[in-house]
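None of the values given here were measured: they were computed from a predicted structure.
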Amino acid sequence: MKIEKKESYLLITDDKDSITDFTSRLTTNHHEFENENLVIDILEYGEMELEELLGFLELSTIHRANKKSFVIVNDAINIDKIPEELFVVPTLREAEDVIQMEELERELGF
């Protein structure tokens with residue numbers, strides 16, 4: 001797992017080649033970055049299935065309950081099939097935009 005500190009978030013990418021192992025490592029190590037906005041870059045998984053993406057659902061729910069952003073970057077799955085509880089965007093730039101919007105909403109008390 002590669003972690004890169006950006007201005008307003010941590011960019012986390014997988015340095016292995018198993019999405020289920022990556023999800024497990026994120027969950028196990030969540031305490032290390034639970035107070036940060038997260039962008040999970042899984043663009044390299046172009047052949048991903050919806051069930052694999054749903055592996056992030058519980059972690060995303062826990063993270064967002066702590067008033068921190070959890071955004072996944074992947075363009076392999078049709079956006080209409082992804083549950084509203086998961087923020088999935090096709091580019092890193094869009095992930096940054098989502099984090100900026102959510103930070104503004106939190107500042108305004110939404």
**Request:** Might you confirm whether atom CG of Asn78 has over 12 heavy atoms from other residues, nucleotides or ligands at distances under 6.0 Å?
**Result:** yes
**Asked** Does a side chain donor of either Asn66 or Glu34 reach within less than 3.5 Å of an acceptor in the other side chain?
**Response** no
**Asked** Remaining members of Ile62's ILVMFWY cluster at a side-chain heavy-atom cut-off under 4.5 Å?
**Response** none
**Prompt:** Residues two or more places apart in sequence or in another chain: which of them pass ring-ring contact (aromatic ring centres under 6.0 Å, His included) with Phe70?
**Reply:** His63
**Request:** Check the pair Val73, Ile40 against side-chain contact (heavy atoms from CB on, under 4.5 Å), reporting the backbone distance first and the verdict last.
**Result:** CA-CA 6 Å; Val73 182; Ile40 309 302; over 6 Å; no
**Prompt:** Judged by atom type as modelled, is there a donor-acceptor pair below 3.5 Å linking the side chain of Tyr45 to the main-chain atoms of Glu52?
**Reply:** no
**Request:** Taking Ser60 for its side chain and Phe56 for its backbone only, find out whether a donor-acceptor pair lies under 3.5 Å.
**Result:** no
**Request:** May I ask you to decide if Thr23's main-chain N or O and Thr27's side chain share a donor-acceptor pair within less than 3.5 Å?
**Result:** yes
**Message:** I'd like to know if the side chain of Glu58 pairs up with that of Thr61 as donor and acceptor (distance under 3.5 Å, no hydrogens or angles considered).
**Reply:** no
**Asked** Is there any salt bridge (Lys or Arg N to Asp or Glu O under 4.0 Å) pair reaching into residues 66-93, and which pairs are they, with sequence neighbours excluded?
**Response** Arg93-Glu96, Arg93-Asp97
**Request:** Applying side-chain contact (heavy atoms from CB on, under 4.5 Å), run through Glu36 and Ser8 and close with a yes or a no.
**Result:** CA-CA 8 Å; Glu36 301 281 346; Ser8 60; over 6 Å; no
**Message:** Please say yes or no: joined through hydrophobic side-chain contacts below 4.5 Å, possibly via intermediate residues, are Leu26 and Ile3 part of one cluster?
**Reply:** yes
**Item:** Electrostatic pair Arg25-Asp14, nearest N-O below 4.0 angstrom
**Value:** yes
**Prompt:** Is it true that a side-chain atom of Asp41 and a backbone atom of Ile12 form a donor plus acceptor pair closer than 3.5 Å?
**Reply:** no
